[in-house]
Amino acid sequence: MSYSALLSPINVGAMRLPNRVFMAPLTRLRSADLPDGKKGIGGLPTPLMATYYTQRASSGLIITEATDISADAKGYAGAPGIFSAAQIAGWKMIADSVHQAGGHIAMQLWHTGLVSHYSLRPQGQPPVSASAVDLGDAVRTSLKDEEGKVYRVTATPAREMTIAEIKQTVDDFANAARNAIEAGMDFIEIHGAHGYLIHQFLYESVNQRSDEYGGSLENRMRFLKEILTAVTRAIGSDKVGIRISPLGQFNGVDAGSEDDALAIIKLIDSFNLAYLHISEPDWAGGKPFTAEFRRQIRDTYHGVLIGAGGYTAEKADTLIRDGLIDAVAFGRSYIANPDLVERFHQNAPLNQPNPATFYGGDQEGYTDYPALAQ
């Protein structure tokens, strides 16, 4: 089958991208420890990461793994950051390598909120969230043992953020965006999905505040609105994308209704961003979007719309042809197939990913998947 729509060029922001096969943000937990940082929690981009991303430079757009906007944002051992000079330099090495290979790259920025553990936090403090909540074993995160192997633990119960901390976090997103552009990124993507901090503010399953950041949906969207305002002012709206997961449950956090989703999307649309990236719940066992909901999203959002979830090349090509999305971010397919675009061109079979090597470790299951030419 020919996937001519999926493989056609697309304009995103001020850039012309060669195809619509995007690489989804994929947490891999392979960053090194910072020179002056706590042992075992990572944060520093590495040459191995540069190899991994450069192998996938034929993607229309690489979206990096979620990257900490501050030390306070950390929720996973091994996740990289973008808040220090060493991290900026490490990411510049990666961006330069991807660009030299003809690729384009966006950095996803996150604050994990309640999905964290005290051992990863500055001074061992508990995580922060919209409200003080304890979701028990529904929220787990990843640490590393003395040998660097990843293991899972229940998250530490969160405390409620103060207004001052909210304002500081907004500033941290803007500063991280500036740092990402300094490091050579073509775009940044705000992580507003999957039960992390922005998502925690949006939905009443976590947000039980009684101030201007809680209660009505308008109030619960205030944190997101302030982040979008700060980041677009910092680097320009044409370099900013956002990822949301408006339906389903992630990390113990329930999303809202389709009406809530459309209201959030309408707010995002008002910022004239480079793109809106929607993570659909079917990849995690949720119900697929209905055709009617897809049409409502398309009618509400007027910019570039990226789909992600249980996509095959055929499904992606069909929905692009139907005008319901403009590009698709592929996740696990990109873990195992660095030349995914070429495989779609040739209708070639795909390598199957090995879940045992998804998180942490070295080149095994990271940079050693064979390309077609091999």
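All heavy atoms count here, side chains included; hydrogens, waters and symmetry mates do not.
Judged purely by atom type and a 3.5 angstrom limit, Thr141 has no side-chain atom pairing as donor or acceptor with the backbone of His117. At distances below 3.5 Å, at least one donor-acceptor pair connects side-chain atoms of Lys144 with backbone N or O atoms of Leu29. Using modelled atom types, one side-chain atom of Arg220 and one backbone atom of Gly215 make a donor-acceptor pair closer than 3.5 Å. Side-chain atoms of Asn19 never come within 3.5 Å of backbone atoms of Ser59 as a donor-acceptor pair (strictly under, hydrogens ignored). In this structure, Gln87 contributes its side chain and Gly43 its backbone to a donor-acceptor pair below 3.5 Å. Distance alone, capped at 3.5 Å, is enough to place a donor-acceptor pair between the Arg30 side chain and the Asp362 backbone. Although no hydrogens or angles enter the test, the distance criterion places a donor-acceptor pair under 3.5 Å between the side chain of Asn351 and the main chain of Pro370. Side-chain atoms of Glu160 never come within 3.5 Å of backbone atoms of Arg209 as a donor-acceptor pair (strictly under, hydrogens ignored). Although no hydrogens or angles enter the test, the distance criterion places a donor-acceptor pair under 3.5 Å between the side chain of Thr112 and the main chain of Ala73. For Asn207 (side chain) and Gln200 (main-chain N/O), no donor-acceptor pair under 3.5 Å exists by modelled atom type.
In this structure, the separation between CG on Asp68 and NZ on Lys74 is 4.0 Å, given to the nearest 0.5 Å. If you take OG1 on Thr300 and NZ on Lys266, they are separated by 8.5 Å, rounding to the nearest 0.5 Å. Put simply, CG on Leu7 and CD on Glu342 are 9.5 Å apart, with the number rounded to the nearest 0.5 Å. The line from CE of Met161 to CD1 of Ile166 is 5.5 Å long, rounded to the nearest 0.5 Å. Note that CD1 of Ile88 is 11.5 Å distant from CD1 of Ile181, once rounded to the nearest 0.5 Å. The line from CD1 of Ile188 to CD1 of Ile69 is 10.5 Å long, rounded to the nearest 0.5 Å.
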Next on the checklist: If you apply the rule side chain to side chain contact (heavy atoms under 4.5 Å, CB included), what do you find for Phe223 with Thr169, and how did you get there?
Outcome noted: CA-CA 9 Å; Phe223 183 49; Thr169 302; 3.8 Å; yes
Item to check | Full working for ring-ring contact (aromatic ring centres under 6.0 Å, His included) between Phe22 and Tyr275 | outcome: CA-CA 12 Å; Phe22 291 3; Tyr275 64 81; 7.2 Å; no
Checklist entry - So Leu109 and His191, side chain to side chain contact (heavy atoms under 4.5 Å, CB included) or not? Walk me through it. => result CA-CA 6 Å; Leu109 304 177; His191 196 342; over 6 Å; no
Next on the checklist: Checking Ile244 against Ile268 for the side chain to side chain contact (heavy atoms under 4.5 Å, CB included) test, could you report, in this order, the C-alpha distance in whole Å, the side-chain angles of both residues, the deciding distance, and whether it holds?
Outcome noted: CA-CA 10 Å; Ile244 62 172; Ile268 293 168; 4.0 Å; yes
Checklist entry - Given Gln346 and Leu372, is the side chain to side chain contact (heavy atoms under 4.5 Å, CB included) satisfied, shown in steps? => result CA-CA 10 Å; Gln346 297 189 26; Leu372 278 173; 4.0 Å; yes
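Salt bridge absent: Asp282 and Lys287 never bring a charged side-chain N and a carboxylate O closer than 4.0 Å. Taking the charged nitrogens against the carboxylate oxygens, Glu226 and Lys167 do have a contact shorter than 4.0 Å, which makes a salt bridge. Here Asp326 pairs with Arg298 in a salt bridge; the nearest charged N to carboxylate O distance falls below 4.0 Å.
Residue Lys315 places its NZ atom among more than 12 non-hydrogen atoms of other residues, nucleotides or ligands, all under 6.0 Å distant. Remark: Glu364 CD is loosely packed, at most 12 non-hydrogen atoms of other residues, nucleotides or ligands lying under 6.0 Å away.
A 4.5 Å side-chain heavy-atom check between Leu319 and Arg294 finds at least one atom pair inside the cut-off. Counting only heavy atoms from C-beta outward, the side chains of Trp110 and Pro25 never approach each other to under 4.5 Å. Side-chain contact between Ser142 and Tyr359: absent, with no pair of heavy atoms (C-beta onward) separated by less than 4.5 Å. Tyr311 has its side chain within reach of Ile325: a pair of non-hydrogen atoms, C-beta onward, lies under 4.5 Å apart. Under the 4.5 Å side-chain criterion, counting only non-hydrogen atoms from C-beta, Trp91 is in contact with Thr64. In this structure the side chain of Gln249 never reaches within 4.5 angstrom of the side chain of Ser205, judged on heavy atoms. Counting heavy atoms from C-beta outward, Ile265 and Ile278 have side chains that approach closer than 4.5 Å. Put simply, the side chain of Leu273 reaches to within 4.5 Å of the side chain of Ile242, judged on heavy atoms.
There is a side-chain donor-acceptor pair under 3.5 Å between Arg343 and Asn337. Counted by atom type alone, Glu65 and Tyr53 present one or more donor-acceptor pairs between their side chains at under 3.5 Å. Under the 3.5 Å distance criterion, with hydrogens and angles disregarded, no donor-acceptor pair is assigned to the side chains of His194 and Asn251. A donor-acceptor pair shorter than 3.5 Å cannot be found between the side chains of Glu212 and Asn219. A donor and an acceptor atom, one from each side chain of Gln100 and Asp96, are nowhere located under 3.5 Å apart. Using modelled atom types and a 3.5 Å distance limit, the side chains of Thr54 and Ser97 yield a donor-acceptor pair.
Between Ala255 and Tyr203, the shortest heavy-atom distance links the atoms C-CD2, 3.7 Å. The two residues Ala14 and Asp238 come nearest to each other via the heavy atoms CB-OD2, 3.9 Å. Heavy atoms only, all atoms of each residue included: Ala234 and Ala174 are closest at CB-O, 4.0 Å. Closest of all the heavy-atom pairs between Gln208 and Val133 is NE2-CG1, 4.1 Å. Pro18 and Gly60 make their closest contact through CD-O, 4.0 Å (heavy atoms, listed as atom of the first residue, atom of the second, distance). In terms of heavy-atom proximity, Gly40 sits nearest to Asp33 at N-OD2, 2.8 Å.
Among residue pairs with one or both ends in residues 144-184, none qualify as ring-ring contact (aromatic ring centres under 6.0 Å, His included); sequence neighbours excluded.
Aromatic ring pairs are classed by plane angle as parallel below 30°, tilted from 30° to 60° and perpendicular above 60°; the pair Tyr366 and Tyr52 is parallel. Using bins of under 30°, 30° to 60° and over 60° for the plane-to-plane angle, the ring pair Tyr213/Phe201 lands in the perpendicular bin.
Using a 4.5 Å cut-off between side-chain heavy atoms of Ile, Leu, Val, Met, Phe, Trp and Tyr, Tyr118 forms no hydrophobic cluster with any other residue.
Ile63 and Met23 are assigned to two separate hydrophobic clusters, defined by single-linkage of ILVMFWY side chains at heavy-atom distances under 4.5 Å. Residues Ile335 and Ile62 share a single hydrophobic cluster, defined by chaining ILVMFWY side chains whose heavy atoms lie under 4.5 Å apart. Under the 4.5 Å side-chain heavy-atom criterion for Ile, Leu, Val, Met, Phe, Trp and Tyr, Leu61 and Leu276 are members of distinct hydrophobic clusters.
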